[in-house]
Amino acid sequence: MRTSENSADLVAAEDVLLFANAAITATGQREFRSGALDQQLSLDFLHTYVRVNYRRVYAASLALDINDHNAARIVLGLLETAGEAGAEERRTEGRLIAARLARLPPQRVYRLFGEVRRAGINNRRTRAIMRDWLAARPDLGHDAVKYRSGVKTAARHVHLRCPQGAEPLAEVGAFLFRPGKLPRYEHPLLDAWRRAHYEQGAVAELPFTVAEGFAARHGMKREVFLKRAAPRMTRLERLRTHAVAQRPDVDLAVMPLTRLALYVLALPFEQRAARRAELTGALRTAARRAAGRHAGSWGRVHAVLDDSYSSAGSGQKRRRPLAVALACHYLLGALAAPGAYRGLWTSGRGDALLVRPWGPTPLGMRVLDALEPGPGGAEADRLVIVSDGWDNAPAGLAGEVLRVWRARLDPGRRTAVVHVNPVYDADGFDVRRLAAGVPTAGIRDAEDLPALVEIARFAEGRTGAAELHAYLDRRVALFLGEQETEKEAVS
C-alpha cells in the first residue's frame with residue numbers, strides 16, 4: 001500500500017514539474033523544431049489536465065516565475081471554471097488572480113478581459129476582480145488613449161458607471177462612448193488625442209504607439225517624429241526604435257538582462273566589436289543587479305552554453321534561446337565566487353559578445369570539458385547547462401557522460417548539476433531532458449535562474465509531492481505577502 005502511495009506522490013510531483021516547465025517556457029508560438037499549432041495544442045492539453053486533476057497547484061502556479069502568456073491562461077481557466085472550486089478555494093484563487101493581474105503588463109490584462117467577455121464569464125466575482133483592477137490603475141485616462149478598445153470592452157463588461165459632469169471618470173466615459181460630444185477635455189492626454197486629429201504639435205504629447213498612427217496621418221518624417229516622441233517612450237520602445245535605427249544613444253544600464261542580451265545579438269558584429277566596452281559593461285551591470293543577494297555565493301561554477309544553429313529560435317522568437325544563454329553566461333559570472341567561473345560554448349568560441357547561432361550541438365564533448373577540474377585542480381561546485389537539449393554530435397553523449405560520471409566518479413554529489421532549457425518540446429509536453437538523473441527546469445528569462453535552480457531539485461526524484469506542495473505554499477505566501485506590502489506602500 002505504501003509503495004502505491006509513494007508512486008502516486010511521485011507521479012503527482014512529476015506532473016506538477018512538467019506543467020511548471022511548460023508554463024515558464026511555452027508561449028504558443030513557433031519554435032525551431034515545432035509549429036505554433038503544435039505548441040498551442042500541447043499547452044491546451046496541459047492546462048486542462050492540471051486544472052482538472054491538481055486545481056490547487058494550477059492556481060498556485062500564479063505565484064511562480066511563469067510567463068505572462070500562461071499566467072493569463074490560468075486566470076481565464078480559473079474564472080471560467082469557478083463552479084468546480086469550493087468557497088475557500090475561490091477566496092484563495094481570487095487573491096492570487098488579483099496579485100498576478102497587478103504584475104501583468106496592462107495590454108496583456110486588457111486582452112485577457114476581452115477573452116473573458118468573449119467566453120461569457122460574467123459572474124459577480126469576475127466583475128469584482130475586473131473593477132478592482134481598473135480602480136487600481138494610476139491613470140485610466142492614459143489607458144483610454146493607449147488601450148482604447150481594451151478599456152471600452154472592460155468597462156462594458158463590468159457595467160462601469162461613468163457619471164455625467166467634469167469628473168475624471170465622466171471624461172473617460174465620454175471619450176470612450178460619446179466621442180465628439182465634449183468640445184475639450186480637462187485630462188491632458190484625452191485633449192491631446194482630440195487635438196492630434198488636426199494639430200501636428202499635439203502628436204508628441206501622446207503615448208508612442210498612439211502617436212505613430214497620427215504621425216503617419218500627418219506625413220511626419222520618421223527622424224523628426226522619433227526625436228519629439230523620445231521623452232514619452234517606454235524603455236522597451238526606446239530600445240526597439242534605437243535597435244532598428246542602429247543608434248548607440250540609448251541607456252543600456254537600466255535594461256533587464258535578457259532583454260539587453262536580445263538587443264546585443266540584434267547588432268551587427270562590427271557594432272558589437274566597436275562598442276565592446278559599453279556592451280560588456282552594461283551586461284555585467286545587469287547581471288549583478290539580477291544576481292542580487294546571491295552574488296558571489298555559488299562557489300566555483302562551470303557552464304555549458306548552447307550556441308548551435310537551433311539557438312536561432314524561430315521567426316516569432318528570434319534568437320531567444322541564444323539570448324538566454326548569453327544572459328546566463330554573464331549572470332553565472334556574477335553568481336560565482338570572484339574568478340571562479342568558466343563558460344564553455346558548444347561552438348568552441350571564447351568571445352561571448354560575438355556569439356552567433358552556428359553548427360551542431362556537441363553537448364557531450366563540452367560537458368566532458370566542463371567536468372575537468374579548474375585551475376589548481378579544484379572541481380566545480382556547480383555545473384549549469386543552458387541548452388534546448390538536442391545533443392546530436394554525437395547523439396546522446398551528454399546524457400551518457402553525466403550518467404557514468406554521477407554513478408562512478410561523483411556518487412556523493414560533490415558537484416551539483418542542473419540543466420535549464422529555454423525551449424518547450426510540444427511533442428513531449430515538457431522541456432527536453434539530457435538524462436533521467438539530471439534535474440531539468442524550463443527557463444524564459446535568465447533573471448529567474450536562481451529560483452529555477454531551487455525548483456529543479458524536485459525533478460531529481462528524491463523528494464515527493466509533500467515537499468513540493470510545501471514549497472508551493474511558501475511561494476504563494478510570499479507572493480501574496482509582497483502584494484499586500486505593495487498595497488500598503490501605495491496607500
Side-chain angles (χ1 to χ4, degrees), residues 16-51 58 61-78 97 100-101 103-116 118 150 236 239-240 256-263 265-266 306 310-328 357 386-390 420-433 440-449 451-452 455:
V16 171
L17 291 169
L18 181 139
F19 178 70
N21 285 336
I24 289 167
T25 56
T27 57
Q29 297 172 308
R30 185 162 64 90
E31 296 281 7
F32 184 83
R33 289 184 170 87
S34 60
L37 182 59
D38 296 331
Q39 293 276 321
Q40 292 161 11
L41 290 174
S42 183
L43 268 183
D44 286 344
F45 170 80
L46 274 181
H47 274 266
T48 303
Y49 175 78
V50 176
R51 191 190 71 241
Y58 190 66
S61 298
L62 291 172
L64 300 179
D65 299 312
I66 61 176
N67 62 51
D68 294 341
H69 174 79
N70 285 296
R73 288 193 62 158
I74 291 172
V75 171
L76 182 64
L78 292 174
I97 289 171
R100 191 72 201 201
L101 290 181
R103 286 164 169 75
L104 286 175
Q107 66 272 21
R108 179 81 68 174
V109 178
Y110 283 120
R111 196 179 310 147
L112 170 63
F113 288 168
E115 293 177 10
V116 167
R118 286 189 292 275
L236 182 55
L239 188 67
R240 283 174 175 167
L257 179 57
T258 305
R259 184 68 64 181
L260 180 57
L262 282 165
Y263 170 81
L265 293 176
D306 189 350
S310 62
S311 66
S314 66
Q316 292 176 306
K317 302 173 79 171
R318 194 177 300 276
R319 291 183 290 269
R320 182 87 197 189
L322 183 58
V324 172
L326 179 63
C328 284
V386 186
S387 171
D388 61 8
W390 286 87
V420 289
N421 192 329
V423 180
Y424 177 66
D425 181 15
D427 293 334
F429 299 101
D430 196 1
V431 292
R432 190 178 178 88
R433 300 171 184 271
T440 302
I443 186 171
R444 177 163 174 81
D445 294 315
E447 294 91 319
D448 299 328
L449 183 62
L452 293 175
I455 198 173

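Using a 4.5 Å cut-off on side-chain heavy atoms (C-beta onward), Ile74 and Ile66 make contact. Contact of the Asp425 side chain with the Arg33 side chain is not registered, since no non-hydrogen atoms from C-beta on lie closer than 4.5 Å. Looking at heavy atoms from C-beta onward, Val109 lies out of side-chain contact with Arg103 at the 4.5 angstrom threshold.
Interatomic distance, Leu104 CG to Tyr110 OH, rounded to the nearest 0.5 Å: 13.0 Å. To the nearest 0.5 angstrom, Ile443 atom CD1 is 4.0 Å from Cys328 atom SG. In this structure, Asp388 CG and Tyr424 OH are separated by 15.0 Å, a value rounded to the nearest 0.5 Å.
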For residues 17-27, please give each side-chain donor-acceptor pair under 3.5 Å, one per line with the distance, not counting sequence neighbours.
{"unit_1": "Asn21", "atom_1": "OD1", "unit_2": "Gly442", "atom_2": "N", "d": "2.8"}
{"unit_1": "Asn21", "atom_1": "ND2", "unit_2": "Leu17", "atom_2": "O", "d": "3.4"}
{"unit_1": "Asn21", "atom_1": "ND2", "unit_2": "Asp430", "atom_2": "OD1", "d": "3.2"}
{"unit_1": "Thr25", "atom_1": "OG1", "unit_2": "Asn21", "atom_2": "O", "d": "2.8"}
{"unit_1": "Thr27", "atom_1": "OG1", "unit_2": "Gln29", "atom_2": "OE1", "d": "2.9"}

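Taking both residues in full, the closest heavy atoms of Ala323 and Ala261 are given as O-CB, 3.5 Å, listed atom of the first, atom of the second, then distance. Taking each heavy atom of Leu112 and Ala72 in turn, the nearest pair found is CD1-O, 3.5 Å. Summarising the geometry of Ala71 relative to Leu62, their closest heavy-atom pair is O-CD2, 3.7 Å, with the distance given to 0.1 Å. A pairwise comparison of heavy atoms in Arg108 and His69 identifies NH1-CA, 3.7 Å as the closest pair.
Using a 4.0 Å cut-off between charged side-chain N and carboxylate O, Asp44 and Arg73 make a salt bridge.
Without hydrogens or angle criteria, Glu447 side chain to Leu257 main chain gives a donor-acceptor distance under 3.5 Å. Checking side-chain atoms of Thr258 against main-chain N and O of Ala446 turns up a donor-acceptor pair under 3.5 Å. For Asp445 (side chain) and Asp448 (main-chain N/O), no donor-acceptor pair under 3.5 Å exists by modelled atom type. Of the possible donor and acceptor atoms, one in the side chain of Arg432 sits under 3.5 Å from a partner among the backbone N and O of Gly389. The backbone N or O of Arg444 lies less than 3.5 Å from a partner atom in the side chain of Arg320, making a donor-acceptor pair.
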